[in-house]
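What follows is a short report on a single structure.
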Amino acid sequence: MSTGVKLPAASARLARSAALSDDVSRLKYVSGAREEALRKLGIECVEDLLLHVPRRYLDFTRAYSIEQAPLGEVCTVVATVDRVTEKRPRPRMVVTEVSLVDQTGVLQVAFFKQPWISQQLSRGDRLAVMGKVEFSYGFKQMASPHFEKLDAASVSGTVLPVHPVRDGISHAWMRRIVSGALEQVADFCDPLPARLRAMRGLMSLSRSYRSLHFPVAMPQRELARKRLSYEEVYYLQLALRLRGNAGLLGVRPFKHRVGSHVDALIKHLPFTLSEEQQLAVDQILEDMTSGASVMNRLLLGDVGTGKTAVASVALASVADSSSQACVMAPTGVLAQQYAVKCGPLLEQAEISWALLTGSTTQEERARILDGLRSGSIDVLFGTHAVLGEDVSFKLLSLVVIDEQHRFGVGQRNALRSKGPGADLLVMTATPIPRTLALSVYGDLDTSIIRHRPVEGAGVATKVLDEANRDIAFGAIRDALEQGRQAYVICPLVAEKEGDSELEDVPALERDDDGRVVAPPLHSVEKDIEALRITYRGKRVEALHGRMSSKEKDRIISEFRAGEIDILVSTTVVEVGVDVPNATVMLIENGERFGLATLHQLRGRVGRGKLSGSCYVMCALRRKRGRRSPAIDRLEALESTTDGFALAEMDLRLRHEGEILGLRQHGGVSLRFVDLDDDADLIEWAHADAIETLRYAPSLDSVGTLPIRHRVIDRYGDIFKEVSGG
């Protein structure tokens, strides 16, 4: 039965907004081979197509004649093909030479190992080439430039986009299809509020898509990228914060106290807290004692900056509050290290503690579990063993997770579930730039300690090639004769493994012919036999992740006691192994590790009063006139011991997705934002996400529902924990 009420039809803008999710097959010009090609490019819907960014642009606003093309600069030249010839200076080397002419001169263009080009070009074709202009043999030249065949329509605009394509679709057809899609969706609804766009000086989303693909001038393209970069980080910040708050909505925060236990612990510290440490302590205690919200804080500090001392103050506050804390470390070695370092300090402050790992005896485990349930144990140090279903606390109010990137989000939440409303403090000794910290750990407030409160003797780093290996071997021999110890680090446990076993792995390099350069990888199992022969009479033992927890603990204990002379290990020693008597480290295949891992590894020597030496073997050679990213990294490692400076260098040398951390977030990679150059955008997005969630904690208000849908679409893997799937 009709009610007589007339509902308005959906607005045209809403319909166009909905069209963004239409299947790509519904677009003009898309069918058959072109549809198949688009799908192979990962383009399934209209918005996928609009996010298919041109890889370069031919800028006709700055196109030069051949005569005016500046030497030594990259520029665009539009000219006519006069002649195409193919040469073979040596076997398997094909050089296609193209002579371009205009009214002002001749430009010689050479393409290497691209024989198909001679089939694509003919005399009389109009060509736009973009590359570096050189002068040789009486002519201006370009080597392997980007090029585009032009027709009358191609140069009707001022900037011509060149999209990534594949067989079945040409650059020209891709431009037609994108142009048709932009015409179809036109001025659709923007999920970002107009107030927010105005405050940050951002384009509308529809205009940014058009400017990204068909900018009138190149500065317009940069404004479009700014808008897309901002929303990319803004949505990621919202997803991370919502995930971090999962299960906390409606939970009453625990309000900690600061009393005699905190005072006693600080009094018994073997040093006075530095300004940075004190600031971190103040920030943590303010969060814990406010009672306003549950603490979610990251404590970020370089090797030896005293994060453990700061965390100990937080543990003491738990004792003052008649509750309990749990410290979870990724390995038994590190958990035991906490017990050795923190245990005596806690005892001096009259705080009880226990250590629970996979190697804990059944009898001891039962005693610990009883103590946790009764509340007689204030602090528990442990590994993944603390996640067991039988591990329960009387009142868990603080969770501390060390080397956060080594745990999944599920493990973090599983531990927090043992104490609803418990504060969270996560720590990492992997220095990362603030921009990356905000992006990867956007759900956490950050405290940073950059400087060591007590400087050790330090470590000198030297990069060696194979011809100079004797330098490292001699240094190890000298150290052993002085009663010191040494590390030898290998990337693999066994030869048969591939580099899929490695963490924080930079991309492989290629030679001039495009072949992958992959020097053989050293392994613990092979190298240990050779080292036992080289250092006959010395005890050489192995340590790696495939060993049982009990076996690893035994090896570390014996190395710490000085019973082992040389420890041949994988990166399992990267964190937590503290042996001041070990003064020399040799790292094999340094080119296959990222700067973060290399810096962490060398931090194992030079920690105390004895200076350390780190020798990094590199199988690659620098070629004249060619930069090697691996050698650039290693030279940076030689030049500074500042972990944060190295992190900034690593960010510039590598894409952020390759750097330790992003793999822990569902494969998140940032397509538009530049973490090195877009610091302001990232800061804005971080602040705006916090403000948005203060207004709408679940993004379920009328004004934020469009944002919620975009967050789910973009970062569903992160968001599913709070969106219900």
Side-chain angles (χ1 to χ4, degrees), residues 237 239-248 253-254 256 276-277 279-281 283-288 293-303 305-315 317-318 325-331 334-335 337-338 342 379-384 386-387 396-419 421-434 436-449 574-576 596 600 643 647 659-666 668 686 718 721:
Q237 292 287 301
L240 292 173
R241 289 234 154 217
L242 284 164
R243 186 190 62 186
N245 293 336
L248 297 181
F254 190 91
H256 289 89
E276 288 181 322
Q277 287 177 313
L279 176 60
V281 165
Q283 291 171 333
I284 291 168
L285 292 182
E286 182 179 356
D287 287 352
M288 293 177 66
S293 61
V294 176
M295 178 175 74
N296 284 299
R297 184 166 288 276
L298 168 68
L299 179 58
L300 180 63
D302 202 349
V303 176
T305 52
K307 298 181 299 300
T308 302
V310 172
S312 296
V313 178
L315 300 179
S317 176
V318 167
C326 182
V327 181
M328 184 167 67
T331 66
L334 187 52
Q337 190 77 38
Y338 270 107
C342 294
V379 177
L380 178 66
F381 300 107
T383 58
H384 298 79
V386 304
L387 300 176
L396 179 64
S397 66
L398 174 65
V399 168
V400 180
I401 299 179
D402 198 14
E403 291 308 309
Q404 132 87 10
H405 62 273
R406 295 186 178 225
F407 293 101
V409 176
Q411 292 168 316
R412 182 211 292 182
N413 289 342
L415 183 53
R416 295 189 82 174
S417 69
K418 295 178 182 290
D423 288 331
L424 174 68
L425 176 65
V426 300
M427 301 191 293
T428 180
T430 303
I432 55 177
R434 175 171 168 77
L436 187 56
L438 288 178
S439 300
V440 178
Y441 302 118
D443 51 336
L444 304 168
D445 298 312
T446 305
S447 296
I448 299 177
I449 309 175
E574 177 185 346
V575 175
Q600 289 292 311
I659 297 176
L660 188 65
L662 286 180
R663 283 176 292 181
Q664 304 301 319
H665 293 273
V668 170
H686 181 71
I718 292 177
E721 295 182 33

Quiz item: Heavy atoms, side chains only, cut-off 4.5 Å: are Val310 and Glu276 in contact?
Solution: no
Exercise. Search all heavy atoms of Leu415 against all heavy atoms of Cys326 and return the closest pair with its distance.
Key: CD1-SG, 3.9 Å
Quiz item: Taking only residues two or more places apart in sequence or in another chain, which ones pass side-chain hydrogen bond (donor to acceptor under 3.5 Å, both in side chains) with Ser447?
Solution: Gln283, Arg297
Quiz item: Looking at side-chain heavy atoms only, is the closest gap between Leu315 and Phe381 below 4.5 Å?
Solution: yes
Self-check item: Pairing residues for Ala314 by the side-chain contact (heavy atoms from CB on, under 4.5 Å) criterion, not counting sequence neighbours
Solution: Ile284, Met288, Leu398
Practice problem: Not counting sequence neighbours, which residues clear side-chain contact (heavy atoms from CB on, under 4.5 Å) with Ser397? List them please. | Solution: Phe254, His256, Val318, Ser323
Self-check item: Student check: side-chain heavy atoms of Val294 and Arg416 closer than 4.5 Å
Solution: yes
Practice problem: Considering non-hydrogen atoms only, spot the tightest contact between Met427 and Ala311 and give its length. | Solution: SD-CB, 3.8 Å
Exercise. Before giving the answer on side chain to side chain contact (heavy atoms under 4.5 Å, CB included), spell out for Asp287 and Asp423 the whole-Å C-alpha distance, their side-chain angles and the decisive distance to 0.1 Å.
Key: CA-CA 8 Å; Asp287 287 352; Asp423 288 331; over 6 Å; no
Quiz item: Mind checking whether His686 and Arg241 have side chains closer than 4.5 Å, heavy atoms only?
Solution: yes
Self-check item: The single option from Leu425, Thr308, Thr446, Thr428 passing side-chain contact (heavy atoms from CB on, under 4.5 Å) against Leu299
Solution: Leu425
Practice problem: Flag the pair Met328 / Val399 as yes when at least one side-chain heavy-atom distance between them is below 4.5 Å, and no otherwise. | Solution: no
Quiz item: Can any side-chain N or O of Gln277 pair as donor or acceptor with the backbone N or O of Gly306 at less than 3.5 Å?
Solution: yes
